Chemist: 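I'd like to ask you about the structure that follows.
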Amino acid sequence: MFGLTDEQQALRKMVRSFAEETIAPGAAERDLTGEFPLDIVRQMGKLGLLGLPFSEDEGGTGGGTVSYALAVEEISRVCASTGITYAADLSLGISPIYLFGNQEQKKKYLPSLFRGEYLASFGLTEPEAGSDAGGTRTRARRTDKGWVLNGSKCFITNASYAGVITATAVTDPGKGTKGISAFLVEPGTPGLQINAPYKKLGLNASNTTEIVFEDVEIPAENLLGEENKGFSQFLQILDGGRISIGAMAVGVAQASLDAALKYAKERKQFGKTLSSFQAIQFKLADMATQVELSRLMVLQAAKLKDAHLPFGREAAMAKLHASETATRAALEAIQIHGGYGYMKDYPVERYLRDAKLLEIGEGTSEIQRLVIARYLGC
Amino acid sequence: MNIVVLVKQVFDTEAKIVIGSDGKIDDSNVTLIMNPYDENAVEEGLLLKEKFGGEVIAVSVGTDKAQETLRTALAMGADRAVLVNDPAIQAASDEFAAAQALAKAVSGLNPDIILTGRVAIDYGSKISGRVAEALGIPHVNTVTKLEIDGSKAVASREVDGGSELIEVTLPAVFSAQKSLNNPRYPTVAGIMKAKKKELKTATLVDLGLDPAAVAGKLQILGFSLPPARKAGRKIDGEPAAAAAELAKLLRGEAKVI
């Protein structure tokens, strides 16, 4: 298989134990109640998982992107809500500060983020700007003291628990995508509202919010990176984010396969286990093949990122293939479970509800195909 | 304080045992883990180090694969590790040879405390007593609580229907029961550091042992899997008649009453 180092294997083993012993037991309950896994995030901080892909020079734990993808997969395998909480905190929340922040900004936020004292959020999507992120309406106007933000963001992960939010806003309306900048905004700033109004199909224990800016004044030094570079910054963030959505999808797909295989070996019909019928064997074989292919693609993209090589094409392919595999695998797992699969007594219906988001978040499958086509020269 | 922890690599508790064509247990597709009770021993060693300072040294007998288990101990926080790796020892199954080799390896480390799990979950070996015997030092097994005061240790151990408090003089060997503590997960930083920590490999000759003197005392003639369990039977009918039928079957067929 894909050559994992001793450290990567040890890391996967540790996260698997932590996931199975600590995260899995409450997953079904949290799906029903929507309780946010804050205590688990704190424990992840203690284990060093929140700094996993970030370099030791910056206070991270230096495990690299491959280790990070393995961790996201293992966590999502037992609880996708916790998986997206973790993945969004690191890939979307911490990454912009890590990649584009100046020394003061990094010093101010990274240590607390790595310890899990609070999470970080990334505010990009708006009611009018989803797949077309260039259509951002949130406006940042320069004043004597800094900036004033007005507008709103939707579907933003983790913001109710964030200590800092990276938000994109138009700074130069005449320039289109070249007139967008990123700003650091702290919850509690006057005029900033964070609500969690959504009723979702799945990922119920993750925190999804709406953010409203009403004359939010922030100091000049809260500009993240260079002015008017926001668009190229978030394209870079989304490339990395696709690896984590891909890894989440591998986790959910693997969970679906595990559940289906276990059930097929136990359940008897016509005097034989389901797993002895070829019709079921073929389903399981196809699922296993697609899961393995997805995993290889995700790890390939991660390995390229670790090697500082271009990985955008591979990340888009990994995200596309893995997320569609997750939904299909969850559907097949339900089919193999028959009527029981439709019931909440078994976990597979949760896997389906959780999997669907992965074809939508951080670029829909359609956007991934556009990205891939662009790499093909279309 | 010199703390030595004896650890063993064993099959994962959920591993499916397969006997290969050579008649031996096939471990090629099995996940190997640290013996769960040894994890408690490592944890206790780390807690003692946090309290009294010193060094935690993990020691194992095994093949090259066992390095992974020692790396796990290092990732949890042990300072260094020693692997006794010698084809003359059937480490997995021969308690006598493994204990002799461990005792010799340990004596060179000048320990104040030796910790290990109360039993290995693969072959059921309980090595702590043998190691203590070979070293001529006290031994307390199935320890659920351990307190150290200077050169004295007070250990609480499980006995039928209660617990027993035992005071011993250090150095001594203690074997850990599950309830002794909650083993920590290795942290990411611990895993990254583990590779850079010292892991020495020694043969019997390196330890100054004559391989013939520790030759195994037992020989495994063969392995066989337990017979597959037959499906249960359900007796239908009215309770009274069903009970009569059950009694008849238990007496006549199963011959248990």
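Sequence lines set the chain letters: A, B, ... in the order given, protein chains first and strands last, and positions in each chain run from 1. All values reported here derive from a predicted model rather than from experimental measurement.
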Chemist: Checking A/Y161 now: which residues fulfil ring-ring contact (aromatic ring centres under 6.0 Å, His included) with it, not counting sequence neighbours?
Modeler: A/F36
Chemist: No hydrogens needed, just list the donor-acceptor pairs between chain A and chain B under 3.5 Å.
Modeler:
residue	atom	partner	partner atom	Å
A/D6	OD2	B/K195	NZ	3.3
A/K13	NZ	B/L32	O	2.7
A/K13	NZ	B/E68	OE2	2.9
A/E21	OE1	B/Y185	OH	2.7
A/T22	OG1	B/Y185	OH	3.3
A/L47	O	B/V188	N	2.8

Chemist: Under 3.5 Å, is there a donor-acceptor pair linking the side chains of A/S81 and A/S206?
Modeler: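 Distance-only check fails for A/S81 and A/S206.
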Chemist: Excluding sequence neighbours, so at least two apart, what forms salt bridge (Lys or Arg N to Asp or Glu O under 4.0 Å) with A/K108?
Modeler: A/E186
Chemist: Under 30°, 30 to 60°, or over 60°: which ring-plane class applies to A/Y346 and A/Y263, parallel, tilted or perpendicular?
Modeler: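 Correct class here is perpendicular.
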Chemist: Kindly write out the residues that satisfy side-chain contact (heavy atoms from CB on, under 4.5 Å) with A/A10, not counting sequence neighbours, or none if the list is empty.
Modeler: B/I191
Chemist: To the nearest 0.5 Å, what is the distance between CG on A/L11 and CG on A/L4?
Modeler: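 Those atoms lie 10.0 Å apart.
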